[in-house]
Amino acid sequence: MEKARQEIDIVVGKDKIVQESDITNLPYLQAIVKETLRLHPAGPMIVRESSEDCNIEGYEIPAKTRLFINVWAIGRDRNHWEDPLEFRPERFVNGRSSQMDVRGQHFHLLPFGSGRRSCPGTSMALQVVQTSLAIMIQCFDWKVDGSVDMEEGPGLTLPRAHPLICAPILRLNPFPSC
Ligand code: HEM
């Protein structure tokens with residue numbers, strides 16, 4: 001979090017609140033969101049149906065077969081990711097994953113799916129999540145009640161197994177007259 005905060009302080013400063021237009025200049029913040037979606041995709045399974053008979057890597061798949069694509073497992077696959085279980089946003093800033101985006105062009109990172117039925121809310125979701133996260137980091141310190149446990153529970157949208165309880169502590173107020 002300290003690294004993201006430094007980036008925000010340098011790029012945006014402490015006198016104005018982060019705007020949506022600042023996000024393109026905050027690569028580390030974007031990397032945090034990508035890394036979170038890699039390890040904890042809100043839509044862990046994508047569903048498709050084959051329109052015709054096909055053969056994928058030796059598997060015969062008849063037409064009209066219901067197919068589940070396990071986005072969660074692909075995001076943790078050792079064949080594609082170095083130290084896959086480590087939360088390391090740096091992998092999207094430097095190195096071979098730095099050009100990778102989340103819009104369905106890179107098949108080992110598919111948090112919004114891919115193709116004609118991919119998520120139509122991708123741009124809106126990214127703007128809202130990245131800007132809100134940036135403001136939360138810029139304006140507050142976060143005191144965690146207990147420890148951070150990232151265990152996941154069962155469900156179609158990958159809920160947390162245990163709630164995360166944090167108390168915001170005002171760090172800077174970009175609206176000093178309020
Ligand atoms: C972080 C936030 C979000 C994530 C991770 C997410 C993820 C996904 C995923 C994985 C799919 C299935 C894609 C596929 O089958 O290839 C999907 C579909 C969809 N999403 Fe999102 N989504 C998010 C936010 C939103 C928002 C903000 C909206 C609308 C404003 C939205 C609207 C939809 C719709 C309508 C579909 C169904 C598309 C179809 O079946 O053709 N999503 N989303």
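As a basis for the values below, the full set of heavy atoms in this structure was taken, side chains included, without hydrogen atoms, waters or symmetry mates. As the structure lists them, so they are numbered: ligands from 1, and atoms in each ligand from 1. Just so it is clear, the model here is predicted, and its values are computed rather than measured.
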Side chains of Tyr28 and Gln6 only: does a donor on one sit below 3.5 Å from an acceptor on the other?
no

Between Arg66 and Ser50, does any side-chain donor sit less than 3.5 Å from a side-chain acceptor?
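No.
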
Closest non-hydrogen protein atom to [atom], residue and atom name please, with distance?
atom	answer
atom 24 (C) of ligand 1	Ala125 CB, 3.7 Å
atom 8 (C) of ligand 1	Cys119 CB, 3.6 Å
atom 40 (O) of ligand 1	Arg117 NH2, 2.8 Å
atom 10 (C) of ligand 1	Pro111 O, 3.2 Å

Any salt bridge linking Arg38 with Asp77? Criterion: basic side-chain nitrogen under 4.0 Å from a carboxylate oxygen.
no

So, Glu90 and Arg88, do they make that salt bridge, N to O below 4.0 Å?
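Salt bridge: no.
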
Which of the atoms in ligand 1, numbered in the order shown and given with their element, are less than 4.0 Å from a heavy-atom of [X]?
X	answer
Ala42	5 (C)
Ile46	14 (C), 15 (O), 16 (O)
Gly113	10 (C), 13 (C), 14 (C), 16 (O)
Ser114	16 (O)

Any side-chain to backbone donor/acceptor pair from Gln138 onto Val18? Under 3.5 Å, distance only.
yes

Is Val93 reachable from Leu37 through a run of I, L, V, M, F, W or Y residues, each pair having side-chain heavy atoms under 4.5 Å apart?
yes

Does Trp81 have Arg76 sitting over its ring (NZ/CZ under 6.0 Å from centre, angle to axis within 45°)?
no

Tell me which one of Pro120, Gly104, Gly43, Gly121 gets a heavy atom nearest to atom 37 (C) of ligand 1.
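Among Pro120, Gly104, Gly43, Gly121, the closest heavy atom to atom 37 (C) of ligand 1 comes from Pro120.
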
Quick one: look at Met124 and ligand 1, take heavy-atom pairs under 4.0 Å, and tell me if it's side chain, backbone, both or neither.
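It is the side chain that gets close, since no backbone atom is under 4.0 Å.
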
So is Arg48 touching ligand 1 or not, going by heavy atoms under 4.0 Å?
yes

